[in-house]
Amino acid sequence: MDVSAILDPLNDEQREATSAPPGNILVLAGAGSGKTRVLVHRIAWLIQVENVSAYGILAVTFTNKAAQEMRQRTESLLGIPAAGMWVGTFHGICHRLLRQHWQEAGLPQSFQILDSQDQQRMIKRILKSLELDESKWPAKQALWFINGRKEEGVRAEHIPDNGDPVNRQLVRIYSAYQQTCMRLGVVDFAELLLRTLEILRDNEQLLTHYQNRFRHLLVDEFQDTNTIQYALLRLLAGKHGSTFAVGDDDQSIYGWRGARIENIQQFSKDFANTQIVRLEQNYRSSGNILNAANALIDNNQGRLGKNLWTNSGNGALLDLYAAYNEQDEARFVADRIQQWVNEGGKRTEVAVLYRSNAQSRIFEETFIAATIPYRVYGGLRFFERAEIKDALGYLRLCVNRNDDASFERVVNQPPRGIGERTVELIRQHANAHSVSYWQAATACIETQQLSSRAATMVGGFLELIEKLTKNILDLQLYEQIDQLLHISGLLDHHRNDKSEKAQSRKENLEELVSAARAYEHNTEDELSPLEAFLAHAALEAGDGQADAWEDCVQMMTLHSAKGLEFKLVFLCGLEEGLFPHQMSVEEPGRMEEERRLCYVGITRAEQQLVLSYAESRRLYGKENYSMPSRFIGELPRDLLQEIRPQIMVKQSVPATFQASHASPEDFNGIDIGRRVLHTKFGEGVVLNCEGRGSHARVQVNFESAGSKWLVLAYANLQPL
DNA sequence: ATCGTCATAATTTTT
DNA sequence: TTATGACGAT
């Protein structure tokens, strides 16, 4: 057996983890320490050295992308497809189990999946039917409550009445929501996990079967597991399974949505004879960047403890830019990017990271003005777009007449004269008789509860769906969707609209047909291709933008940057209240997560990290002045290089002394009467100056452009 | 049924 | 500031 291909590319610690005897292993893998590599090599080791059948391996990740990558890299290392191995997200794997055991789970065979949008709409309907005031009972809060309880494995009937009327009402909503889901045959994301846990827990035979099958569990991003995912792992591992968990407590940034960093500490208590391996050698960032990250995260309590190191040298210092305002910050970043490109760098190697999405706007505007191509991550994904959801709504209705969410969505889309009044009648009938909208609509027509006009329209819609169902019965998946788009009138609806939006909607619909054509149906399960495609659409929302291939700067939130790396990283908006975010400052325990988020941001950088903050920032229409983020102060001074074009800030002078005259050193040779050169306005003479630090401004009389006040910090004036 | 106006709220996001 | 949703007017 030649194991050199598996072990040779690894360092000692990676090798230790990879080749450990089967058993429970916890790998604490620091940022950039090769955690995916260890997972992949471990799988190869199990198969090639321990003679484990691929059939006995279950590998779990959090994103579809990570799952794909793991499968791909495993197969390319093995040189053969790892047939029979299960690799997927928790949700994907639970979905697969529920499809196979829908009867045990008490689900209809063709159950549908609600994404969070669907779920929220559904909760809104429930709130209405319970006659609750939406301003007093926001759907979001109910959604949060329901998902939170489900992720803890708690059903509505398990929640004790603690006398709190708010709690009581929320439980009532939870209960009504759950009943409706069951009646309609739909499950939400959390339900996929909870239901799976329940059927395994309550069905000895089933549990034993899977425990025997999956003797080897591998988990990526273990620090992100929530209560139910952890419970699921324990259940599946049983007494005889081996669990190989890889994670980094310092990169746990999803506590706010239920991830429990404690799971990583708990692991060695719940999984017998756990061997712990630390991966601390970092292959990504230069020494200075790593030292900054280490120093920062050292401020957190209760860490498992890790210190990243590298043998690739210190590299450049970290840059820190104190911007005057957010525009100045964006301009500075744009300048540095152009400099990077001028020096031969690629734009794809550059990332602009920020705490909240709202910050992207000013960068976008600035980059457009500077003609810097960029790509913003986040936002609506392909299968979440309204027009795509409309089309899928029709298909779901074909598959499941009881899918009220879809019924309501498409009954008047495109508009066919079925107004709110008619829909409300159907809703009421459905609620009163506990039947689906489809059944209610049929009944309303029969009993002539609708006006003749409405009855005709609704009847027409029902027939349309029937006809559609028949028409597409024997077609290929992509033909089914193509038919649907034509028969439903969706395509025409968007075609008739000349607006730019409608144009792109039409293109998206066409893209949907292509997606269906490219979709490979796994014939293993009993689902029809259409049903499988619908599940795929819900479980894997697809990419945001498709145009990733142009060389452009990457812009994203810190959260979405996790797992990525870039040569040049800008970490922007480092201000108290923004990062760390105000909401985390106020809530106890959240500050450490903010710090981990900052740690994640720092460790994205390979060669150069540029930090920036703005002294004043416009937020929600108001000008805000804030202090530099505490995280800046937690970085070692000697790793930082402060960038302040031409001027020096004197911290010792109180702000109240910032009168109209500044001390000469603020202006570094640019004083009244001096001739200066400006890149845009050309030559001029300094007439006046005021302010200090990065607020310092000068009035220059330009020969061609006339007299202007300029902020010295970014005017980039050359004394002549 | 569609458009315009007003109030309101506003981290982070995958499945 | 802005986006979103609810409501009222054509």
Side-chain angles (χ1 to χ4, degrees), chain A residues 60-67 88-95 113-121 124 128 133-135 138-140 144 147 150-151 187-194 196 220-221 224-226 228-229 252-259 326 353-362 365 377-381 383-384 412-423 457 497 535-544 556-563 573 577-587 590 593-594 596-598 600-601 617-624:
Chain A
V60 203
T61 62
F62 276 83
T63 65
N64 292 297
K65 201 175 141 206
T89 61
F90 275 100
H91 298 269
I93 282 159
C94 289
H95 172 244
I113 300 166
L114 293 183
D115 68 18
S116 17
Q117 276 179 42
D118 300 333
Q119 194 188 13
Q120 186 162 344
R121 292 165 70 103
K124 278 199 174 164
K128 257 192 201 127
D133 181 2
E134 269 208 64
S135 59
K140 272 202 165 173
W144 180 84
N147 288 339
K150 284 192 179 190
E151 277 160 14
V187 298
D188 57 55
F189 287 134
E191 186 72 23
L192 288 170
L193 305 184
L194 179 50
T196 304
D220 192 12
E221 305 279 17
D224 287 338
T225 51
N226 62 28
I228 199 163
Q229 288 160 340
S252 162
I253 54 174
Y254 286 110
W256 52 274
R257 66 173 199 216
E326 78 277 8
L353 307 183
Y354 36 77
R355 176 67 236 264
S356 67
N357 286 307
Q359 288 168 256
S360 75
R361 184 181 219 99
I362 183 70
E365 287 167 4
Y377 281 71
L380 271 197
R381 312 238 287 294
F383 286 111
E384 290 169 351
N412 200 34
Q413 178 66 22
R416 48 173 70 88
I418 302 173
E420 187 49 39
R421 241 179 61 77
T422 310
V423 175
M457 298 306 195
D497 191 330
H536 164 82
L539 245 28
E540 196 165 341
D543 271 340
M556 67 194 84
T557 63
L558 286 153
H559 282 90
S560 23
K562 194 172 86 161
L578 184 61
F579 188 29
H581 198 278
Q582 195 58 41
M583 298 212 160
S584 302
V585 175
E586 286 160 3
E587 268 188 69
R590 293 281 266 283
E593 184 156 307
E594 293 282 316
R596 292 194 290 268
L597 194 53
C598 187
V600 166
R617 179 181 298 273
R618 224 179 161 149
L619 212 59
Y620 307 140
K622 268 206 192 82
E623 205 79 18
N624 289 282

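Values in this document were obtained by computation on a predicted structure and should not be read as measured data. Here is the naming used below: chain letters follow the sequence lines, and residue numbers restart at 1 for every chain.
Nearest-nucleotide positions on DNA chain B for Leu539(A) and Arg355(A) put Arg355(A) closer to the 5' end. Taking for each of Asn412(A) and Arg590(A) the nucleotide of DNA chain B with the nearest heavy atom, the 5'-most of the two is the partner of Asn412(A).
Note on Asn64(A): only backbone sugar-phosphate atoms sit closer than 4.0 angstrom, heavy atoms only; bases stay farther off. When heavy atoms are screened at a 4.0 angstrom cut-off, Tyr620(A) is found touching base atoms of the nucleic acid. Across all strands, Phe90(A) comes closer than 4.0 Å to no nucleic acid atom at all (heavy-atom distances). Looking at heavy-atom distances under 4.0 Å, Glu594(A) makes contact with a base. Residue Ser584(A) is in base contact, counting any heavy-atom pair closer than 4.0 Å across all strands shown. Residue contacts shown for Asn357(A) are limited to sugar-phosphate atoms, with no base heavy atom under 4.0 Å away. Nucleic acid contact for Ile418(A): sugar-phosphate only, since backbone atoms but no base atoms lie under 4.0 Å from a heavy atom of the residue.
For the side chain to side chain contact (heavy atoms under 4.5 Å, CB included) test, no residue two or more places apart in sequence or in another chain qualifies with Lys128(A). Remark: His581(A) pairs with no residue by the ring-ring contact (aromatic ring centres under 6.0 Å, His included) rule, at least two apart or across chains. By the side chain to side chain contact (heavy atoms under 4.5 Å, CB included) test, Gln229(A) pairs with Phe62(A), Phe90(A), His91(A), Leu193(A), Thr225(A), Asn226(A), sequence neighbours left out. Listed by chain and residue number, Tyr254(A) satisfy the side chain to side chain contact (heavy atoms under 4.5 Å, CB included) test with Arg257(A) (two or more places apart in sequence, or in another chain).
In this structure, Lys562(A) pairs ionically with Asp224(A), as a charged nitrogen and a carboxylate oxygen lie closer than 4.0 Å. We find that Glu593(A) and Arg596(A) are joined by a salt bridge, their nearest charged nitrogen and carboxylate oxygen being less than 4.0 Å apart.
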Under 3.5 Å, which protein N or O atoms sit close to an N or O of nucleotides 2-8 of chain C? Give each pair with its distance.
| unit_1 | atom_1 | unit_2 | atom_2 | d |
| --- | --- | --- | --- | --- |
| dA3(C) | OP1 | Arg361(A) | NH1 | 3.2 |
| dA3(C) | OP1 | Arg361(A) | NH2 | 3.2 |

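Exactly one residue among Glu420(A), Arg416(A), Arg421(A) makes a side-chain contact (heavy atoms from CB on, under 4.5 Å) with Ile418(A). That residue is Arg416(A).
Looking at every heavy atom in both residues, Asp220(A) comes nearest to Ala66(A) through OD2-CB, 4.4 Å.
Mapping heavy-atom proximity under 4.0 Å, the span of DNA chain B touched by chain A runs 5' to 3' from dA1(B) to dT15(B).
Rounded to whole Å, the P atom of dT13(B) lies 16 Å from the corresponding atom of dT4(C).
For Glu384(A) (side chain) and Ala541(A) (main-chain N/O), no donor-acceptor pair under 3.5 Å exists by modelled atom type.
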